[in-house]
J.: 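Quick one: the structure is below, questions incoming.
What's counted below: heavy atoms across the whole structure, side chains too, no hydrogens, waters or symmetry copies. Quick note on labels: first sequence line is chain A, next is B, and so on, each numbered from 1.
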Number of protein chains: 2
Amino acid sequence: MSNEPAVEPRWLSDEEQFAWQCYLHATTLLEDHLDRQLQRDAGMPHVYYGLLVQLSRAPRRRMRMTELAQNAKITRSRLSHAIARLEKNGWVRRENCPSDKRGQNAYLTDEGMRMLEKAAPGHVAAVRAAIFDRLSPEQVGHLAEICQVMTEGLQPQGADLPWLR
Amino acid sequence: MSNEPAVEPRWLSDEEQFAWQCYLHATTLLEDHLDRQLQRDAGMPHVYYGLLVQLSRAPRRRMRMTELAQNAKITRSRLSHAIARLEKNGWVRRENCPSDKRGQNAYLTDEGMRMLEKAAPGHVAAVRAAIFDRLSPEQVGHLAEICQVMTEGLQPQGADLPWLR
DNA sequence: CCGACGTTGTTAAAATTTAAATAACTCTCC
DNA sequence: GGAGAGTTATTTAAATTTTAACAACGTCGG
């Protein structure tokens, strides 16, 4: 009846354990810090700010809901709520997608653009102060590589094209 | 009336921009992944699991609320709610602190310990699969260094001893 | 001792996030 | 053409997190 293979799990080495601890501390502290900074200076959490940035970079400052959700790595449901809130602030508006009647575009209003331009310098400064002004260029490179490897593992390219694997 | 110094903000370089994007993707995907893994296999989010781990490593499997909150990098308020929930599961219990009548200890019950032992292998496997089995030992070292630097910036040692700075 | 001030932990209310269900639509295959 | 399967976005309810306020205790100086 034993359906457990009873393999001794491979625990983390001391180095790995230590790195994992560091990672958890750093990421939760940073997330927290940026959330507070943006809540204070822009009246929204970091995730919401990220949505505005995405929109601002998109052609005609608009994007399909699903695409936006994927880029921001959040669920469509969460995005729906978030956009609803940003609409209340007047920073984002919705419109029907011309080509797909199921679809919606979210677009950044002029007001939203202005708010973003006002908030961006402070946010960049916070990110700089927390990371890029503290790391050597080599470390920045390492960080990017490491994160790329992690992302690959968590979101194998072609994850949405399972028949290709 | 201009109280803004009107300094051109130092934007991120392309490398920094790229690294930042990678960082955000990787960290949100990992957080998400581990939350789901633990919700599925242990019926709780990652933060809660971390609390049980902390308690399991503490002497006599108990710890003061504030200390636990600090180690887990969460607010005391959030911890209160979390412990309340874990108490309902029977995994944690509270007790008055003998030496300070304001204080409370949270301690891990036997039942909680068993659940932790049951959940740990799967969680370690998930962490390995996402990170440590994908990174070289050098990269693990780099990650730890980078995160240490970040943590220093966000939580300068002596932050709770401001008179020493 | 007393009072001011800081600490510890909780609570209530509001905001956000997640999970599950649903409505509306598109696409493919017969 | 139309049934069935998948997609898109939203909604509802439950869970979690945040914010602000609070009660109770400890500490320190006068």
Side-chain angles (χ1 to χ4, degrees), chain A residues 28 31-40 42-51 62-89 92-107 159-163, chain B residues 28-29 31-40 42-51 62-89 92-107 160-163:
Chain A
T28 66
E31 179 73 40
D32 237 56
H33 181 68
L34 295 182
D35 264 346
R36 285 182 207 291
Q37 183 266 317
L38 281 170
Q39 194 69 57
R40 177 166 47 75
M44 59 188 148
H46 188 205
V47 176
Y48 288 30
Y49 179 88
L51 296 176
R62 61 200 67 207
M63 206 181 291
R64 280 290 290 277
M65 294 293 276
T66 293
E67 191 188 350
L68 184 50
Q70 284 170 344
N71 286 358
K73 316 294 178 195
I74 64 178
T75 63
R76 288 194 305 261
S77 172
R78 186 175 175 183
L79 179 63
S80 263
H81 291 296
I83 294 292
R85 201 270 222 182
L86 292 172
E87 265 189 301
K88 276 191 199 160
N89 289 313
V92 169
R93 209 65 56 78
R94 292 178 218 242
E95 69 184 4
N96 294 327
C97 174
S99 56
D100 187 334
K101 284 182 186 166
R102 296 167 305 180
Q104 290 274 103
N105 281 323
Y107 71 89
D160 46 346
L161 310 170
W163 57 86
Chain B
T28 65
L29 284 174
E31 179 74 39
D32 237 57
H33 181 67
L34 294 183
D35 264 345
R36 285 181 208 293
Q37 184 266 316
L38 281 170
Q39 194 69 58
R40 177 166 47 75
M44 60 188 148
H46 189 203
V47 176
Y48 289 30
Y49 180 86
L51 296 175
R62 60 200 67 206
M63 207 181 291
R64 280 291 289 276
M65 293 294 275
T66 292
E67 191 188 351
L68 184 49
Q70 285 170 344
N71 286 359
K73 316 292 179 196
I74 64 178
T75 62
R76 290 194 306 263
S77 172
R78 186 175 176 182
L79 180 64
S80 263
H81 292 295
I83 294 293
R85 200 270 224 184
L86 293 172
E87 264 190 303
K88 276 191 197 160
N89 289 314
V92 170
R93 211 65 55 81
R94 290 179 218 243
E95 68 183 5
N96 295 326
C97 173
S99 56
D100 186 335
K101 282 182 187 167
R102 295 167 306 178
Q104 290 274 102
N105 281 322
Y107 70 89
D160 45 347
L161 310 171
W163 56 86

J.: Select base, sugar-phosphate, or nothing to describe what A:Asp100 touches, counting heavy atoms under 4.0 Å on all strands.
T.: sugar-phosphate

J.: Can you check the B:Leu68 CG to C:dG9 P distance for me, whole Å?
T.: 10 Å

J.: How many whole angstroms separate atom NE2 of B:His46 from atom P of C:dT17?
T.: 19 Å

J.: Measure the distance from CG on A:Asn96 to P on C:dA23 and round it to the nearest whole Å.
T.: 19 Å

J.: Could you walk me through whether B:Glu31 and A:Glu31 pass side chain to side chain contact (heavy atoms under 4.5 Å, CB included), step by step?
T.: CA-CA 11 Å; B:Glu31 179 74 39; A:Glu31 179 73 40; over 6 Å; no

J.: With a 4.0 angstrom cut-off to heavy atoms of chain A, pull out the first and last contacting nucleotide of DNA chain D, in 5'-to-3' order.
T.: D:dG6 to D:dT19

J.: I need the single residue from A:Ile74, A:Val92, A:Asn71 that forms a side-chain contact (heavy atoms from CB on, under 4.5 Å) with A:Leu51. Which is it?
T.: A:Ile74

J.: How long is the gap from CG on A:Asn105 to CD on A:Glu67, to the nearest 0.5 Å?
T.: 9.0 Å

J.: Can you name the residues that form a ring-ring contact (aromatic ring centres under 6.0 Å, His included) with A:His33, not counting sequence neighbours?
T.: none

J.: If you find the nucleotide of DNA chain D closest to A:Cys97 and the one closest to B:Thr75, which residue's nucleotide is nearer the 5' end?
T.: A:Cys97

J.: Distance check needed: C:dA20 P versus B:Arg40 CZ, whole Å only.
T.: 13 Å

J.: Please test B:Gln104 against B:Ile83 for side chain to side chain contact (heavy atoms under 4.5 Å, CB included), starting from the C-alpha separation and ending with a verdict.
T.: CA-CA 11 Å; B:Gln104 290 274 102; B:Ile83 294 293; over 6 Å; no

J.: Tell me: CE of A:Met65 to C1' of C:dA23, nearest whole Å?
T.: 16 Å

J.: Which residue, B:Thr66 or A:Ile74, contacts DNA chain C at a nucleotide closer to its 5' end, judged by nearest heavy atom?
T.: B:Thr66

J.: Out of C:dT17, C:dT11, C:dT26, which has the shortest distance to the side chain of B:Ser80?
T.: C:dT11

J.: Name the residue closer to the 5' end of DNA chain C, choosing between B:Arg102 and A:Arg85 according to the nucleotide with the nearest heavy atom.
T.: B:Arg102

J.: In whole angstrom, what separates B:Met63's CE from C:dG9's P?
T.: 12 Å

J.: Looking at A:Asp35 and A:His46, would you say the former's side chain and the latter's main chain have a donor-acceptor pair under 3.5 Å?
T.: yes

J.: Could you tell me the separation between the CZ atom of B:Arg78 and the C1' atom of C:dT10, rounded to a whole number of Å?
T.: 17 Å

J.: Can you check side chain to side chain contact (heavy atoms under 4.5 Å, CB included) on A:Arg78 and A:Val47, steps first, answer last?
T.: CA-CA 10 Å; A:Arg78 186 175 175 183; A:Val47 176; 3.3 Å; yes

J.: Rounded to the nearest angstrom, tell me the gap between atom CZ in A:Arg76 and atom P in C:dT22.
T.: 17 Å

